[in-house]
Amino acid sequence: MVIRIPETMISSSDGRRPIPLIGMGTARSREGEDEIKKGIIEAIKVGYRHFDTAELYQTEKALGEAINDALQLGLIKSREELFITTKLWCNATEGYLVLPAIKQSLRNLGLEYVDLYLIHWPITLKQEEFKIPIPKECIIPINLKDVWKAMEECQNLGLTKSIGVSNFSVTKIQELLSFAKIPPAINQVEMNPVWQQKKLNEFCKKNGILVTGYSPLGASGNKWGHNRVMECDVLQQIADSKRKTVAQISLRWIYEQGVSFVVKSFNPERMRQNLDIFDWSLTEGELNKISQIPQQKHANFSMMLAEPNDIISEIDRELALE
């Protein structure tokens, strides 16, 4: 049975455009291309229609091939049934590099357009081939005005239906809004019960920007992940009382915040469990308990550095305040 995922509207070149509130992330950890393609096909069978990738993930090609397979198998009737997000990596966050970057992503995907194109992080890397750890001298400040002008051109040319940002603080969004002709439709950030993003979510709602949460379960098992969500006693107690999983409690909590999120699992049973959150709700008392969970941000760009860097430290500091 295909599960229908609720949608909300975001700004786009069409005026307004629906985005499924739950998407499937495709950030590669240990999976090969065949496993990724198979997982995406299974996700489409279950009911997922939003797929989130990025140039950094090196999964654009696998996603594009899976979309083509899904069409051939009759799982979807047209590409228009899917919502595809990809992201501009930091080695292309200069005005003259943005158009070539999105065109390369479209070639990788085998698509004429994406539904959403995001600036992955608000920095610029002078690094032709991405390698970790990143040398300090490769990091320079982003010229956000030039980059955003090019992002707007991508939307005006029809290469993407919507544009947005990722890992942007309130301060960075305020800077962007001061000159943007097309405001960002989405800000994708780390969000889960142990990093609730209350201030940022409130600010984005006031400015018509939808927050999309990544690492909603902590991304345990990945280099950038942690176990704090899945091992949280408060979430476990609520899960036991409601006969749900900790993952379902966490995802339902995010859903009730009025945001969207992307979750990753290539296990068909877990895919279904992650969507089994719509016919029940959390009580006021349960929401209050979750609101009191100690907060700790985890995903910081500094994880990828060879040594401390003032530019990155400032970005991480701004994000940690929210």
Side-chain angles (χ1 to χ4, degrees), residues 25 27-29 52-58 86-98 100-102 104-105 117-151 163-180 184 186-192 194-197 199-200 203-204 211-215 218-220 222-226 228 295-322:
R28 186 194 298 267
S29 50
D52 179 276
T53 184
E55 193 279 331
L56 176 67
Y57 303 162
Q58 298 182 338
T86 194
K87 308 179 190 77
L88 175 74
W89 183 236
C90 304
N91 64 357
T93 50
E94 295 187 69
Y96 73 99
L97 293 175
V98 176
I102 192 173
Q104 182 58 54
S105 286
Y117 196 46
L118 304 177
I119 299 174
H120 208 149
W121 282 86
I123 63 164
T124 294
L125 295 181
K126 289 293 188 178
Q127 191 182 35
E128 289 186 15
E129 183 180 352
F130 178 61
K131 291 182 179 180
I132 296 176
I134 301 169
K136 180 179 180 179
E137 60 272 15
C138 290
I139 301 165
I140 65 173
I142 187 173
N143 185 327
L144 189 54
K145 191 170 186 178
D146 283 357
V147 173
W148 193 252
K149 182 178 179 181
M151 293 286 287
I163 51 178
V165 296
S166 181
N167 299 299
F168 269 50
S169 64
V170 168
T171 301
K172 282 290 185 294
I173 296 175
Q174 286 173 327
E175 178 188 350
L176 177 55
L177 292 175
S178 71
F179 53 74
I186 280 186
N187 184 22
Q188 187 179 119
V189 294
E190 178 188 6
M191 185 176 185
N192 52 57
V194 303
W195 188 242
Q196 297 182 11
Q197 298 278 23
K199 178 182 175 183
L200 182 63
F203 173 84
C204 287
V211 166
T212 295
Y214 67 75
S215 298
S220 176
N222 293 304
K223 292 178 181 178
W224 65 89
H226 60 84
R228 289 195 299 276
Q295 297 295 287
Q296 184 178 352
K297 179 171 174 53
H298 187 81
N300 293 310
F301 199 94
S302 55
M303 293 177 174
M304 295 187 276
L305 302 184
E307 57 185 312
N309 176 278
D310 290 344
I311 297 170
I312 300 303
S313 295
E314 179 64 15
I315 290 171
D316 287 345
R317 186 192 67 80
E318 288 177 0
L319 288 168
L321 291 174
E322 295 154 8

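Note that the numbering runs from 1 along the sequence shown for the chain.
- Between F179 and W148, a ring centre-to-centre spacing not shorter than 6.0 Å is recorded.
- The shortest distance between side-chain heavy atoms of N187 and F203 does not fall below 4.5 Å.
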How far apart are the C-alpha atoms of V98 and V147, what are their side-chain angles, what is the distance that settles it, and do they pass the side chain to side chain contact (heavy atoms under 4.5 Å, CB included) test? CA-CA 7 Å; V98 176; V147 173; 4.1 Å; yes
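- Side-chain contact between F301 and N167 is absent, with no heavy-atom pair separated by less than 4.5 Å.
- Under a cut-off of 6.0 angstrom, the local environment of NZ in K149 is sparse, with at most 12 non-hydrogen atoms contributed by other residues, nucleotides or ligands.
- P122 places none of its side-chain heavy atoms less than 4.5 Å from the side chain of V165.
- For the residue pair L200 and S169, the shortest heavy atom distance occurs at CD1-C, 4.1 Å.
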Between I312 and I134, does a side chain to side chain contact (heavy atoms under 4.5 Å, CB included) hold up when you go through it step by step? CA-CA 11 Å; I312 300 303; I134 301 169; over 6 Å; no
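- Residues passing the ring-ring contact (aromatic ring centres under 6.0 Å, His included) test with Y57, sequence neighbours excluded: H120.
- Considering every non-hydrogen atom in both A306 and P135, the closest pair reads CB-CA, 4.4 Å.
- L177 and P184 make their closest contact through CD2-CD, 3.8 Å (heavy atoms, listed as atom of the first residue, atom of the second, distance).
- Checked against side-chain contact (heavy atoms from CB on, under 4.5 Å), I140 has the following partners two or more places apart in sequence or in another chain: T124, K126.
- Other residues, nucleotides and ligands place no more than 12 heavy atoms under 6.0 Å from the CD atom of Q58.
- Rounded to the nearest 0.5 Å, atoms OH (Y117) and OG (S105) are 5.0 Å apart.
- Across all non-hydrogen atoms, the minimal contact from W195 to A320 is CH2-O, 3.1 Å.
- Proximity of L118 to I163: side-chain heavy atoms (C-beta onward) are nowhere separated by under 4.5 Å.
- Once rounded to the nearest 0.5 Å, the distance linking CG of L144 with OG of S178 reads 8.5 Å.
- Listed here is the closest heavy atom pair of A299 and E190: N-OE1, 2.9 Å.
- I315 contributes atom CD1, which lies 8.5 Å from atom CD1 of I142 (distance to the nearest 0.5 angstrom).
- For the residue pair N91 and L97, the shortest heavy atom distance occurs at O-CD1, 3.7 Å.
- In this structure, the side chains of I102 and M151 stay at 4.5 Å or more apart for every pair of heavy atoms.
- Here the straight-line distance linking atom CD1 of I139 with atom CD1 of I311 works out to 7.0 Å at 0.5 Å rounding.
- Once rounded to the nearest 0.5 Å, the distance linking CZ of R228 with NE2 of H298 reads 6.0 Å.
- For the atom pair OG1 of T171 and CG of L176, the computed distance is 12.5 Å after rounding to the nearest 0.5 Å.
- Taking the six-membered ring where tryptophan is involved, the planes of W89 and F130 are perpendicular, since the angle between them exceeds 60° and thus also 30°.
- Counting only heavy atoms from C-beta outward, the side chains of V194 and Q296 never approach each other to under 4.5 Å.
- Screening residues 163-177 for salt bridge (Lys or Arg N to Asp or Glu O under 4.0 Å), with sequence neighbours left out, gives K172-E318.
- Counting heavy atoms from C-beta on, the side chains of F168 and W121 never come closer than 4.5 Å.
- Taking 4.5 Å as the limit, every side-chain heavy atom of Q127 sits out of range of all side-chain heavy atoms of C90.
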